Trainee: 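Before we start, here is the structure in question, set down as structure tokens.
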Amino acid sequence: MIIKPRVKDYLCLTAHPEGCKKNVADQIAYVKAQGEISGEAKKVLVIGCSTGYGLASRIVTAFGCHADTLGIMFERPSNGKKTASPGWYNTAAFEQFANEEEIYAKTINGDAFSKEIKDLTIETIKKDFGKVDLVIYSLAAPRRTTPDGETYRSVLKTTGEEFTNKNLNLKDNSIGMKSIPAATEEEVKATVKVMGGEDWKLWMQALKDADVLSEDASTVAYSYIGSELTYPIYYEGTIGAAKKHLHQTADEITKEVGVKALISVNKGLVTQASAAIPIVPLYMSVLYKVMKENNVHEGCIEQIERLFKEKKLLADTVTDEHGWIRMDDLELRDDIQNEVKKRWEEIDTDNVKELADVDGYWEDFYRMFGFNEEGIDYEAETDPVVEISSIKE
């Protein structure tokens, strides 16, 4: 079939296998160009491995640290009539490139929140690894069923009172106002259940109890705080409540499970999760423009490579007073934020292209789904069915 992007709201309903493969190849090439990363992580488990920061983490550990990686994802293969999800194509490409260099790469496809997938993961680690040195937790999901059978759904809302601010209308790139309602107490609790640290801790406890963690094993989860401009919808909203719980859980894992747990506070980027949050795409577009003008813009792969190399995730990790790794240090630089806030006040539909990097936002958006990649013939007939040889479900 000829595969074209079909966009509805903030989602693209199609993905291009060759475009996704090119995106993965480019990230691998970047990591290789930066040189080797020192450290003892040679067996790595990546929970949420197929897109964004999770995919970048798998690429950095495999091709920068020369680690064997086991990935957990929840992705949809193609049925021949519809394309697979982008994460499926990303993982197929990653495994192909890893296998070509004789780097171990296997993937488990299923609900990472479930006991069944945890058990299958432990079984696979015992058989193939023995033990793992590093566990990367990078899940973004709209719902979670807990061990007691209850299903919770996350919401993207404020807490306290309704919040109204400027918003980028993704249909026509116009600027309007958007109001986001306040969440109920139950909605806040549900969002924490889905996106907080409870499942991370369950994973680490299960791995510890099964004796599949090496003596010096560590774990890292990804978080975001962002600018004061987005505090009401993000840091002080329902997602922020979940992230604060995640931060608390790092301390609990370190003290109660006995495994060093770290939080990496990352930079704002266009991801499938962030594209869904009102007001945030406009902030990202302005931020991109300002950071690119200052030559400090980074995508997922640049962030994660710097996390391992400059912030020394694997040894003598560089942290702030809270014990967090601040990968958002460039985003939150005073000169960057002051300029973003200045443009935020001035921005409207007439000057949005001048003050914000709307084209860069859309470029990143489409690339997530394998589109707008150089060197790919998007008019060519393409088989949407791509197999992953190692897949376990």
Side-chain angles (χ1 to χ4, degrees), residues 37-49 53-54 56-58 60-62 64-65 67-72 104 106 108 112-140 144 146-147 192-193 195-223 242-266 304 307-308 311-327:
I37 295 166
S38 59
E40 293 306 309
K42 298 304 176 189
K43 309 286 183 186
V44 178
L45 172 63
V46 185
I47 303 166
C49 69
Y53 283 121
S57 301
R58 201 173 188 193
V60 168
T61 51
C65 307
D68 297 335
T69 66
L70 176 61
I72 315 296
Y104 173 103
K106 285 189 179 178
I108 293 170
F113 294 133
S114 71
K115 185 178 184 299
E116 291 76 17
I117 292 298
K118 291 179 175 70
D119 290 345
L120 180 55
T121 302
I122 288 166
E123 179 188 312
T124 306
I125 292 169
K126 285 181 175 177
K127 178 171 169 287
D128 294 3
F129 282 178
K131 296 178 188 288
V132 294
D133 309 305
L134 176 65
V135 179
I136 295 167
Y137 190 84
S138 182
L139 280 190
R144 170 183 171 224
T146 52
V192 171
K193 279 283 186 183
M195 301 179 72
E198 186 174 79
D199 183 65
W200 182 26
K201 188 177 179 182
L202 287 173
W203 265 102
M204 297 314 300
Q205 190 67 62
L207 295 168
K208 179 81 170 182
D209 291 347
D211 194 26
V212 292
L213 296 173
S214 67
E215 188 178 342
D216 297 321
S218 59
T219 182
V220 62
Y222 296 139
S223 185
K243 294 301 184 185
K244 287 165 189 169
H245 185 272
L246 188 76
H247 298 179
Q248 294 165 11
T249 304
D251 294 334
E252 292 175 13
I253 292 170
T254 302
K255 292 169 187 171
E256 297 171 22
V257 184
V259 180
K260 181 184 177 186
L262 293 159
I263 293 290
S264 177
V265 183
N266 295 349
I304 300 303
L307 168 66
F308 277 79
K311 300 292 186 177
K312 302 177 183 176
L313 176 65
L314 301 177
D316 301 318
T317 313
V318 180
T319 59
D320 68 2
E321 67 275 15
H322 303 289
W324 306 334
I325 309 165
R326 299 310 294 258
M327 298 310 303

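From a predicted model like this one, the values you see are computed outputs, not experimental measurements. If you read the sequence from its start, that first residue is 1, and numbering goes on from there.
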Trainee: Taking atom types as modelled, is there a side-chain donor on Y53 or S264 under 3.5 Å from an acceptor on the other?
Mentor: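 Their side chains do not contain a donor-acceptor pair, so the 3.5 Å distance test is not met.
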
Trainee: With under 30° as parallel and over 60° as perpendicular, where do the rings of W200 and Y137 fit, or are they tilted in between?
Mentor: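 Judged by the thresholds at 30° and 60°, the geometry between W200 and Y137 is parallel.
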
Trainee: Between atom CH2 of W203 and atom CD1 of I253, what is the distance when rounded to the nearest 0.5 Å?
Mentor: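 W203 CH2 to I253 CD1: 12.5 Å, rounded to 0.5 Å.
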
Trainee: Can you tell me how far OG1 of T124 sits from CD1 of I108, rounded to the nearest 0.5 angstrom?
Mentor: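 The CD1 atom of I108 sits 4.0 Å away from the OG1 atom of T124.
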
Trainee: Which residue is it: L70, V60, T61? I am looking for the one with a side chain to side chain contact (heavy atoms under 4.5 Å, CB included) to V44.
Mentor: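 That would be T61.
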
Trainee: Would you please test K131 and D211 for salt bridge (Lys or Arg N to Asp or Glu O under 4.0 Å) and show each step?
Mentor: CA-CA 7 Å; K131 296 178 188 288; D211 194 26; 2.9 Å; yes

Trainee: Roughly how far, to the nearest 0.5 Å, is CZ of R326 from CG of N266?
Mentor: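 The CG atom of N266 sits 10.5 Å away from the CZ atom of R326.
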
Trainee: With a cut-off of 6.0 Å (strictly less than), are more than 12 heavy atoms of other residues, nucleotides or ligands near NZ of K244?
Mentor: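 For K244, atom NZ is crowded (more than 12 foreign heavy atoms under 6.0 Å).
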
Trainee: Near D320 CG, under 6.0 Å, is it more than 12 heavy atoms from other residues, nucleotides or ligands?
Mentor: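 Atom CG in D320 is crowded, with more than 12 foreign heavy atoms closer than 6.0 Å.
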
Trainee: Please tell me if the side chains of L202 and F113 come closer than 4.5 Å, counting only heavy atoms from C-beta onward.
Mentor: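 When only atoms from C-beta onward are counted, F113 and L202 do not touch, as no gap falls below 4.5 Å.
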
Trainee: With a 6.0 Å cut-off (strictly less than), is the heavy-atom count around NZ of K115, excluding the residue itself, greater than 12?
Mentor: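 12 or below, so no.
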
Trainee: Can you tell me if CD on E252 sees more than 12 non-hydrogen neighbours from other groups inside 6.0 Å?
Mentor: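 Enclosed: over 12 neighbouring heavy atoms sit under 6.0 Å from CD of E252.
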
Trainee: First locate atom CD1 of I136, then atom CG of L307, and finally report the distance between them rounded to the nearest 0.5 Å.
Mentor: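 That separation rounds to 8.0 Å.
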
Trainee: Taking the side chain as everything from C-beta on, heavy atoms only, tell me whether H247 gets closer than 4.5 Å to H322.
Mentor: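 Answer no - side chains too far apart.
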
Trainee: Check K43 with D68, please: is the shortest side-chain N to carboxylate O separation under 4.0 Å?
Mentor: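 Looking at D68 and K43, the cut-off is met.
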
Trainee: Could you tell me the separation between the OG atom of S223 and the CD1 atom of I263, rounded to the nearest 0.5 Å?
Mentor: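 Here the rounded value is 6.0 Å.
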
